[in-house]
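Structure record follows, encoded as structure tokens.
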Amino acid sequence: MPELPEVEVICRGIQPHLVDRTVTAIFHNGKQLRLPVPVDLLRREMIGCRITAVTRRAKYLQISLDSGAMLIIHLGMTGNLGFFSSESEPAKHDHVRWTLDNDTELRYNDSRRFGAIHILKSQETQDREETVFKTTGPEPFHAAFSPEYLHQLAKGKNLTVKVFIMTTQVVAGVGNIYASESLFRAGILPARKVQTISKKGWGKLVAAIREILQQAIDCGGSTISDFLNARQEKGYFQANFKVYGRQGEPCPTCQEKIENSRLGGRSSYFCPRCQS
DNA sequence: CAAGTTACCTGACGGC
DNA sequence: TGCCGTCAGGTAACTT
């Protein structure tokens, strides 16, 4: 489900419902996510605390508390967050619920359980870039994500460009869908080796990644099978996919058939005429 | 040490 | 109808 745009959409959606609310109770259905859910610690660090901010770093949501503690949520492939009346019956795969002081609940739903929930104590939040995000690259919208940076980092590497931009250490938040779409926009084949890309090529790619991610955020994200925002509404950027999931269909630019090949174990879609 | 593979888990879909 | 294989938005721990 979520790449950077979907996480950003959820972040903006839950923020107004969470800020200035106090956590009154936390429930866990006992199921382990990618990591065990630290329920006892969550209760100790969150109950009675007021939420002060909701932010995003890479594909992680960061929920700050007035105690200085911070809840960090990763949605994995199928994770989602939504608000419900605390009276209503939890849905299948609602693994964790945070009850708030206005009788609503934030609910974490995740059928495949590839997500993760962490809590940082007050004294651990300040240096999280050096701990939690030690291996996470720059945000795509940040100035540090520059053509020079990519050109430098690519030196001596024998990777394909698609695998490269999907690597967390290189840049945060670019997943399988937006990697294919950005490479199409930049006119670069997914299988191109990073060594062969010029500074100008990296410039095109940086611009393409930013434009695609921004458009997707503006569209409320992409709903492939089950993504919903905090108000349980679908995103509609999938209507703007030029290549993702479209193998065999004509390229929207030149009518050549879109192809699909596997790179790093992931489906990669491209136009063999527009991209080189 | 870089690069490729596997594992985690549920659900949808196509073929038989 | 159901059984089987394959695939799916991510990440980290393995192996080569």
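Lettering follows sequence order; numbering is per chain, from 1.
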Please state whether the phosphate of C:dG10, meaning OP1 or OP2, lies under 4.0 angstrom from any side-chain nitrogen or oxygen of A:H74. no
Considering only the P atoms, how many Å lie between C:dG9 and B:dA3, rounded to the nearest integer? 23 Å
Using whole Å, report how far CE of A:M166 lies from P of C:dA12. 13 Å
Gap in Å between the two P atoms, one belonging to C:dG5 and one to B:dA7, rounded: 16 Å
For nucleotides 14-16 of chain C, list the nitrogen or oxygen atoms of the protein found under 3.5 Å from its nitrogen or oxygen atoms, one pair per line.
none

Under the 3.5 angstrom rule, does the side chain of A:R56 hit a backbone N or O of A:Y60 as a donor-acceptor pair? no
Starting at CG of A:L35 and ending at C1' of C:dG10, how long is that distance when rounded to a whole Å? 13 Å
Return the value, rounded to whole Å, for the distance between atom CD1 of A:I72 and atom C1' of C:dT11. 15 Å
Step through the shown structure and confirm whether more than 12 heavy atoms of other residues, nucleotides or ligands are within 6.0 Å of CD on A:Q255. yes
Just do the ring pair (Phe, Tyr, Trp, His ring centres under 6.0 Å) check on A:F145 and A:W202 with the steps written out, would you? CA-CA 10 Å; A:F145 180 61; A:W202 289 120; 9.2 Å; no
For nucleotides 1-8 of chain B, print each protein N/O atom paired with a nucleotide N/O atom at under 3.5 Å, atom names and distance only.
{"from": "B:dA3", "atom 1": "OP1", "to": "A:N158", "atom 2": "N", "distance (Å)": "2.6"}

Nucleotide C:dG9, atom P - distance to CZ of A:F237 in whole Å: 15 Å
Are A:R185 and A:E181 close enough for a salt bridge, meaning some N to O gap below 4.0 Å? no
Is any side-chain nitrogen or oxygen of A:T78 closer than 4.0 Å to OP1 or OP2 of C:dA8? no
Answer yes or no: does atom CZ of A:R231 have more than 12 heavy-atom neighbours from other residues, nucleotides or ligands under 6.0 Å? no
Taking the six-membered ring of A:F241, is NZ or CZ of A:R246 closer than 6.0 Å to its centre and within 45° of its axis? no
A:F227 has an atom CZ; how far is it from atom P of B:dG11, in whole Å? 20 Å
Between the side chains of A:E249 and A:Y269, does any donor sit under 3.5 Å from an acceptor? no
By the 4.0 Å heavy-atom rule, please label A:Y244 as base, sugar-phosphate, or nothing. sugar-phosphate
Protein-nucleotide distance (A:Y60, atom OH; C:dG9, atom C1'), rounded to Å: 15 Å
Checking all strands, does A:T135 fall into the base, sugar-phosphate, or nothing category for heavy-atom contacts under 4.0 angstrom? nothing
Base, sugar-phosphate alone, or nothing: which one does A:K31 contact when heavy atoms must sit under 4.0 Å apart? nothing
Scan every strand shown for a Watson-Crick or G-U wobble partner of B:dA2, both distances under 3.5 Å, and answer none if you come up empty. C:dT16
Give me the distance, rounded to whole Å, that separates C:dT6 from B:dT6 when you measure between the P atoms they each carry. 13 Å
Pair A:E6 + A:K59: basic N to acidic O under 4.0 Å: no
A:R266 side chain: which of C:dA8, C:dG10, B:dT10 is closest? C:dG10
OP1 or OP2 of B:dC9 under 4.0 Å from side-chain N/O of A:H93: no
Rounded to the Å, how far apart are A:Y108 OH and B:dT10 P? 13 Å
Nucleotide C:dT6, atom P - distance to CZ of A:R262 in whole Å: 11 Å
Lys/Arg-Asp/Glu bridge criterion (N-O < 4.0 Å) met for A:E139, A:R57: yes
Strand partner of B:dC9, provided both Watson-Crick or wobble distances fall under 3.5 Å: none
Is A:R34 positioned over the aromatic face of A:F114, cation under 6.0 angstrom from the ring centre and no more than 45 degrees off axis? no
B:dC9 and C:dC3, which share atom name P, separated by this distance in whole Å: 22 Å
Quiz question: by atom type and distance under 3.5 Å, do the side chains of A:T99 and A:E105 form a donor-acceptor pair? yes
Residue A:Y269, side-chain heavy atoms: nucleotide from B:dT10, C:dG10, C:dA8 that is nearest: C:dA8
Side chain of A:S267 (C-beta onward), nearest among C:dT11, B:dG11, C:dA8: C:dA8
